[in-house]
Amino acid sequence: MSKIEIPAFKVIQNNIPMLLFITTVQMIYERFDVSQRISDKTLGYQRSFSKPRIKEIKNYINQEQGIIPNSILVNIDEGKFSYLENDKLLTLNNTESLGLIIDGQHRIKGCYEANPDFPLMVVATLGLSVKEQARLFIKINKTQKGVPASLYLDLLNLLEGDIENFDEEGVTAERRATEIATRLNETDESPLYELIRRTGDAGLGISLSEFVNQTKDYVEPRTGKLATLGFEQQYKVFEIYFRSIKAVFLEQWDDPKSYILKTVGFCGIMKAFYEIFNLVIQKYQMFNTENTIKVLQLIQDFKFNKENLPSGGGFKAQEKVGEMMISRLKNAVREDFVVMIGD
């Protein structure tokens with residue numbers, strides 16, 4: 001199998017060697033990955049990046065005869081290249097996956113759709129670890145237009161490495177919430193199995209960034225409402241809560257038209273969480289799935305639909321959904337309690 005040879009210049013910045021070269025956008029698009037988690041390139045672009053931004057670049061190239069004077073940044077994986085410095089020649093393995101696109105994803109997709117032969121200037125880092133690539137991606141893309149926050153949270157796990165004990169000093173609320181989301185999303189028996197979107201796509205379920213935003217204040221090590229519980233207990237509490245929500249509202253949970261797993265419904269459920277947690281404890285002295293289901297069944301006719309919920313998905317609408325659930329539940333609990341008053 002023939003290899004790919006490209007003239008390239010070597011540059012070193014802060015002890016990091018890089019190669020500068022020019023190639024077609026087709027070569028970059030077809031041989032470099034856009035996501036560590038999504039192997040299908042087309043799906044990776046669809047789920048992770050802004051379609052309007054890609055279309056804007058495509059039209060800029062085709063209709064406005066635009067140019068792309070700034071470079072793309074990629075990483076070429078170890079063992080997939082060689083470089084002859086005297087000849088200034090980069091040789092790449094003829095493989096479908098040479099490495100990861102670190103910066104320029106929108107430009108690559110837009111240019112590719114406009115003209116696969118469009119030439120691009122490329123800067124390539126060489127053999128960086130996944131953690132080093134994640135660090136670069138976050139630093140470069142953090143303020144860029146169209147790159148979803150869920151990608152950053154997902155990559156933070158790579159950056160910070162594995163944590164064996166989430167009760168250790170210094171583990172942030174954001175990292176705890178991200179780990180809870182990851183476990184709920186990856187455990188087969190979890191009620192949220194594959195329903196937490198980690199790449200910022202707009203499909204069924206809730207985004208990782210929204211889950212973390214709604215959860216982190218509860219698990220904040222010093223001031224969170226669940227701070228007295230260990231991390232494993234915190235995880236179990238949320239697993240029980242969502243298992244119970246799913247059991248009581250199963251028909252709506254399985255209905256893609258329902259708002260229960262859309263921003264306004266999900267965030268409302270999260271804002272109602274602590275009140276429901278306390279109601280279960282007060283009524284049964286134990287927070288488990290059976291007891292939580294019993295409490296939630298008091299409002300099992302609550303509808304997570306357009307007709308019942310406030311319009312919009314903003315903070316006020318989310319707060320209102322939580323308030324509606326708690327108000328209905330407290331009224332039902334009062335009716336359900338039998339109060340004995342003696343002399």
Side-chain angles (χ1 to χ4, degrees), residues 148-150 153 173-174 176-178 180-181 184-185 190-197 200-220 224-226 234-235 237-283 287 289 291-334:
S150 292
L153 292 168
E174 186 176 71
R176 286 168 177 252
T178 301
I180 290 170
L184 287 172
N185 193 58
S190 164
L192 286 171
Y193 177 61
E194 293 189 343
L195 286 175
I196 298 175
R197 306 189 308 272
D201 54 309
L204 181 66
I206 193 73
S207 72
L208 174 61
S209 62
E210 196 62 75
F211 184 98
V212 170
N213 285 338
Q214 295 297 325
T215 308
K216 62 184 181 182
D217 287 347
Y218 291 123
V219 299
E220 213 290 324
K225 292 179 178 178
L226 299 181
Q234 292 172 348
Y235 168 75
V237 163
F238 284 110
E239 194 269 341
I240 288 170
Y241 184 58
F242 287 111
R243 185 181 301 282
S244 305
I245 291 282
K246 180 179 179 179
V248 173
F249 302 103
L250 183 59
E251 186 175 339
Q252 297 184 75
W253 189 276
D254 290 337
D255 182 1
K257 295 180 180 179
S258 169
Y259 284 23
I260 195 167
L261 287 174
K262 299 189 188 307
T263 299
V264 66
F266 178 86
C267 293
I269 287 169
M270 287 300 290
K271 292 184 185 305
F273 157 71
Y274 194 65
E275 291 274 10
I276 293 173
F277 175 77
N278 279 333
L279 283 172
V280 175
I281 297 295
Q282 290 168 16
K283 189 169 173 62
F287 188 80
T289 304
N291 294 340
T292 308
I293 287 174
K294 286 178 182 177
V295 168
L296 288 171
Q297 281 175 335
L298 297 172
I299 57 166
Q300 60 186 331
D301 60 342
F302 188 92
K303 299 299 182 186
F304 293 90
N305 57 25
K306 183 178 180 180
E307 292 71 29
N308 188 49
L309 301 187
S311 60
F315 182 79
K316 288 185 178 179
Q318 298 165 20
E319 288 278 1
K320 183 64 176 176
V321 174
E323 290 169 3
M324 290 166 63
M325 291 180 67
I326 293 306
S327 176
R328 288 273 304 275
L329 193 53
K330 285 185 174 179
N331 288 336
V333 167
R334 286 192 203 100

Taking every non-hydrogen atom, the tightest pair across [X] and [Y]:
{"X": "Ser190", "Y": "Leu184", "value": "OG-O, 2.6 Å"}
{"X": "Val264", "Y": "Tyr259", "value": "CG1-CD2, 3.8 Å"}
{"X": "Ala317", "Y": "Pro310", "value": "O-CG, 3.5 Å"}
{"X": "Thr263", "Y": "Ile206", "value": "CA-CD1, 4.2 Å"}
{"X": "Ser207", "Y": "Ile196", "value": "C-CG2, 4.3 Å"}
{"X": "Lys303", "Y": "Leu309", "value": "O-CD2, 3.8 Å"}

Are any non-hydrogen side-chain atoms of [X] and [Y] less than 4.5 angstrom apart?
{"X": "Asn291", "Y": "Lys283", "value": "no"}
{"X": "Met270", "Y": "Tyr218", "value": "yes"}
{"X": "Asp217", "Y": "Glu220", "value": "no"}
{"X": "Phe304", "Y": "Lys262", "value": "no"}
{"X": "Asn331", "Y": "Leu298", "value": "no"}
{"X": "Val248", "Y": "Phe302", "value": "no"}

field: Over 12 foreign heavy atoms within 6.0 Å of NZ, Lys294
entry: yes
Sidechain-backbone polar pair: [X] side chain, [Y] backbone, donor-acceptor under 3.5 Å:
{"X": "Asn185", "Y": "Ala181", "answer": "no"}
{"X": "Thr215", "Y": "Phe211", "answer": "yes"}
{"X": "Gln234", "Y": "Ile180", "answer": "no"}
{"X": "Asn305", "Y": "Ser258", "answer": "no"}

When rounded to the nearest 0.5 angstrom, what distance separates [atom1] in [X] from [atom2] in [Y]?
{"X": "Arg197", "Y": "Leu195", "atom1": "CZ", "atom2": "CG", "answer": "9.5 Å"}
{"X": "Leu279", "Y": "Phe287", "atom1": "CG", "atom2": "CZ", "answer": "10.5 Å"}
{"X": "Ile326", "Y": "Tyr274", "atom1": "CD1", "atom2": "OH", "answer": "12.5 Å"}
{"X": "Ile293", "Y": "Arg243", "atom1": "CD1", "atom2": "CZ", "answer": "9.0 Å"}
{"X": "Ile299", "Y": "Leu329", "atom1": "CD1", "atom2": "CG", "answer": "5.0 Å"}
{"X": "Leu296", "Y": "Lys246", "atom1": "CG", "atom2": "NZ", "answer": "15.0 Å"}

message: Among residues at least two apart in sequence or on other chains, which ones pass salt bridge (charged side-chain N to carboxylate O under 4.0 Å, His left out) with Lys225?
response: none
message: My understanding is that only residues two or more places apart in sequence, or in another chain, count here; which of them pass salt bridge (charged side-chain N to carboxylate O under 4.0 Å, His left out) with Glu275?
response: Lys330
task: Return the set of residues passing side-chain contact (heavy atoms from CB on, under 4.5 Å) with Lys271 (not counting sequence neighbours), or none when no residue passes.
output: Gln214, Phe315, Gln318, Glu319
message: Please tell me whether Tyr241 and Phe273 form a close aromatic pair, meaning their ring centres lie under 6.0 Å apart.
response: yes
- prompt: Using the ring of each side chain (for Trp, its six-membered ring), is Phe242 parallel, tilted or perpendicular to Phe266, with breaks at 30° and 60°?
  reply: parallel
